[in-house]
Number of protein chains: 4
Amino acid sequence: MAGQTPRRADVRRNEQALLDAAAAAFVAAGVEAPVRDIAARAGVGVGTVYRHFPTRADLVVAVYRHQVEACAEAGPELLAAGATPFAALAGWINHFVDFLVTKHGLAAVLRSDSTGFDALHAYFLDRLVPVCGQLLDAARASGEIHSEVGPVALMRGVGNLCIGADSDPDYDARRLVELLVAGLRQQR
Amino acid sequence: MAGQTPRRADVRRNEQALLDAAAAAFVAAGVEAPVRDIAARAGVGVGTVYRHFPTRADLVVAVYRHQVEACAEAGPELLAAGATPFAALAGWINHFVDFLVTKHGLAAVLRSDSTGFDALHAYFLDRLVPVCGQLLDAARASGEIHSEVGPVALMRGVGNLCIGADSDPDYDARRLVELLVAGLRQQR
Amino acid sequence: MAGQTPRRADVRRNEQALLDAAAAAFVAAGVEAPVRDIAARAGVGVGTVYRHFPTRADLVVAVYRHQVEACAEAGPELLAAGATPFAALAGWINHFVDFLVTKHGLAAVLRSDSTGFDALHAYFLDRLVPVCGQLLDAARASGEIHSEVGPVALMRGVGNLCIGADSDPDYDARRLVELLVAGLRQQR
Amino acid sequence: MAGQTPRRADVRRNEQALLDAAAAAFVAAGVEAPVRDIAARAGVGVGTVYRHFPTRADLVVAVYRHQVEACAEAGPELLAAGATPFAALAGWINHFVDFLVTKHGLAAVLRSDSTGFDALHAYFLDRLVPVCGQLLDAARASGEIHSEVGPVALMRGVGNLCIGADSDPDYDARRLVELLVAGLRQQR
DNA sequence: CATGAATGAGGATTCATTCAT
DNA sequence: CATGAATGAATCCTCATTCAT
């Protein structure tokens with residue numbers, strides 16, 4: 001129970017090296033990059049990776065925590081920024097898409113049901129679903145959307161639409177997500 | 001003397017069993033499902049799989065072909081059925097989603113970028129894109145939709161939304177696809 | 001019990017086609033050529049190969065029977081030809097080497113102890129050892145050689161020296177066999 | 001800090017166990033012995049084999065090296081030991097045969113023409129051919145032998161004669177090699 | 001704490017051989 | 001008799017994960 005950050009300097013250095021290495025490996029080979037590659041990039045043994053991040057999901061979470069946090073914080077900010085709630089929602093979804101599309105293979109893992117990514121799923125849901133829900137509720141309250149779709153379903157759909165967007169330049173996930181969001185406004 | 005199809009009844013049965021088994025295996029474990037699993041589902045030895053389908057791509061193509069033909073034929077039929085073009089498009093997309101989700105969960109391969117599936121992608125696109133394009137054009141001509149999204153993008157989006165729909169009962173791909181299709185009507 | 005040759009014409013034709021095909025396959029890929037290749041070359045099913053030649057050794061024996069017979073018959077002829085017994089032995093060994101060297105991979109199989117080649121070994125020994133033994137005895141009787149090496153050992157040695165002679169043009173098995181034969185004359 | 005050899009004792013032990021196991025497996029089943037068998041003989045997992053020797057050739061080379069060095073060093077020693085050059089040559093060949101037959105039965109690989117063993121062949125030749133050549137030259141200079149056979153051919157012949165000597169107690173490779181060596185003295 | 005060696009499950013592929021048609 | 005489809009053992013190789021040092 002030492003708070004978030006380890007006290008020993010070398011340990012902290014190792015952890016940071018691992019995060020950097022993992023980020024680089026994820027870029028190069030996707031979030032399923034071999035553990036050994038990550039360890040090699042960080043200049044440590046594989047055991048050290050496992051010590052710091054018992055599961056791959058833990059590592060992924062750690063690598064992307066900052067960006068997830070930023071995404072989570074963007075929700076209330078957008079809502080408070082003056083535009084309509086629907087515009088805020090659309091803006092936030094944009095933010096989310098940017099995040100997913102730039103992280104090689106992350107979108108695909110987000111929908112993977114293999115155990116071992118549970119921590120990742122949990123973190124994503126814990127952190128972002130409330131934000132998305134708040135935006136959806138606000139847009140619903142303002143009468144801009146009528147759909148009853150919930151935040152989990154919406155995020156899952158957006159996530160799915162982003163699968164493969166990083167590796168195929170001809171695939172424009174953003175446009176399709178726009179369509180999906182536009183669909184929310186439709187009367188039903 | 002039978003041209004394309006094998007003459008011996010057991011061989012034909014086996015091939016069909018293999019196709020069914022592969023389809024099921026793809027649903028359960030994706031297009032990269034172990035050959036041994038497919039063989040086991042079909043009740044045959046692995047050698048039999050390799051005899052009928054020397055490469056995995058051959059198998060996937062064969063599994064697809066069956067369904068793809070039915071789907072392709074459904075397009076003109078729906079268009080001729082009397083409802084509006086947009087209704088025909090929506091109906092066809094429904095059909096497509098059924099194909100992807102209910103029966104085979106092949107959505108994942110649609111987006112696979114691994115080489116070796118090129119032949120598969122090509123076939124898929126060759127056969128279905130024109131059908132979808134025709135429906136899109138008709139709906140556009142009738143003034144029901146204004147979006148400029150093309151058939152390739154639309155199908156890819158629908159395909160992506162279907163990923164994982166078979167294995168997760170809480171994920172309602174149809175609803176999200178409805179949203180996407182609804183989005184097509186939006187003014188631009 | 002119909003004597004050596006089958007009575008039905010088509011069967012005889014098949015057998016001959018198989019012998020030719022096997023000979024060709026042995027040249028191209030060695031005596032361990034896949035059964036399916038041989039069947040394909042003969043334009044028959046693999047089952048037919050097995051019907052005619054239950055084991056690979058049976059096939060090899062059949063393919064080379066003529067040449068083995070010729071080799072066996074050459075022994076007495078050389079002995080009767082007027083030269084010294086040692087010269088006859090040397091000549092016969094030459095004959096034997098020619099046979100082995102021109103049969104891709106046969107020499108290697110001759111020393112293989114894998115069951116399945118038993119028939120081949122047996123045939124070779126049955127047919128050629130007595131011939132070689134006769135020549136050795138004669139040379140010993142004439143006082144030209146003193147070595148006590150027996151025909152089995154000698155043939156085995158010659159066979160071994162021939163291994164790989166077909167695939168490596170730099171390897172001159174004949175010269176080494178000459179050395180071996182020359183060694184027989186040495187006083188002990 | 002140890003240069004070539006691994007520092008951890010258990011690793012070194014493992015590597016040696018692997019070399020011994022591979023040598024034994026090669027004797028029993030040839031250089032193409034299943035990796036799993038080698039691992040089992042060494043009491044390790046297959047992964048360990050691959051860690052130490054990424055390719056089969058690496059393993060075979062390593063197994064050879066050990067013995068080859070000893071054999072190479074024996075040449076000059078025998079020559080300096082006082083007997084005639086021919087006796088030294090005969091002694092060295094004996095050593096070589098022991099190496100091939102008694103300890104490892106590696107003779108079969110010496111003649112393997114499968115690519116991937118090129119490095120092995122090269123090493124073998126580089127190390128032993130000069131030694132054998134020196135002995136041959138000396139024996140030729142002393143007038144004890146007259147044959148023009150070179151070291152490569154001689155070694156190849158000896159190697160071939162040793163094939164299968166380990167697995168067949170009735171096959172006396174040494175006697176045949178003696179014959180071959182005796183043949184070197186023959187006038188031509 | 002860090003290391004990286006060892007493990008072994010997991011998945012692919014080939015081919016000899018049998019046997020239903 | 002002939003066919004060739006089916007079988008499945010045998011082998012290869014990769015990596016995630018554990019644990020002795």
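Here is the naming used below: chain letters follow the sequence lines, and residue numbers restart at 1 for every chain.
Along DNA chain F, the nucleotide closest to D:A33 and the one closest to A:P34 are compared, and the more 5′ of them pairs with D:A33. Place A:G45 and D:D10 on DNA chain E by their nearest nucleotides, and A:G45 ends up nearer the 5' end.
A:E15 places its CD atom 13 Å from the C1' atom of E:dC1, with the value rounded to the nearest Å. Rounded to whole angstrom, the span from the CZ atom of C:F53 across to the P atom of E:dA16 amounts to 17 Å. When the C1' atom of F:dG4 is taken as reference, atom CZ of B:R12 falls 16 Å away, rounded to whole Å. At whole-Å resolution of the value, CG in B:L59 and P in E:dA12 are 11 Å apart. Going from atom CZ of B:R13 over to atom P of F:dA5 covers 15 Å, rounded to whole Å. For the pair B:I38 CD1 and F:dA6 C1', the computed distance is 17 Å after rounding to whole Å. Atom C1' of nucleotide E:dA12 and atom CG of B:D37 are separated by 13 Å, given to the nearest angstrom. The distance from atom CD of A:E32 to atom P of F:dT14 is 18 Å, rounded to the nearest whole Å.
Closest contact between the side chain of D:R51 and the listed nucleotides E:dA6, F:dC1, F:dA5 involves E:dA6. The side chain of D:V44 has E:dT7 as its nearest neighbour among E:dT21, E:dT7, F:dG4.
Distances shorter than 4.0 Å separate some side-chain N or O of A:N14 from OP1 or OP2 on E:dA2. Within the structure, a side-chain polar atom (N or O) of A:T48 is placed less than 4.0 Å from OP1 or OP2 of E:dT3. For the pair C:H52 and F:dC1, the criterion of a side-chain N or O lying under 4.0 Å from OP1 or OP2 is not met.
Under the Watson-Crick or G-U wobble criterion, with both distances below 3.5 Å, E:dT21 is paired with F:dA2. Pairing for E:dG10 is with F:dC13, a Watson-Crick or G-U wobble pair whose two hydrogen-bonding atom distances lie under 3.5 Å.
The two residues C:A107 and C:G159 make their nearest non-hydrogen contact at CB-O, 3.6 Å.
Going from atom CG of D:L19 over to atom NE2 of D:H52 covers 9.5 Å, rounded to the nearest 0.5 Å.
Using a distance-only test at 3.5 Å, with no hydrogens or angles considered, no donor-acceptor pair links the side chain of A:D166 to the main chain of A:T102. At least one donor-acceptor pair under 3.5 Å links the side chain of C:R56 to the backbone N or O of C:V31. A distance-only check finds a donor-acceptor pair linking the side chain of C:H121 to the backbone of C:V109 [under 3.5 Å].
Within the cation-pi definition used here (under 6.0 Å to the ring centroid, within 45° of the axis), B:R65 qualifies as a partner of B:Y123.
Note: C:F26 and C:Y64 have tilted aromatic rings, judged against thresholds of 30 and 60 degrees for the angle between ring planes.
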Using atom names, set out every protein N or O paired with an N or O of nucleotides 17-19 of chain F below 3.5 Å, distance rounded to 0.1 Å.
unit_1, atom_1, unit_2, atom_2, d
F:dT17, OP2, A:Y50, OH, 3.2

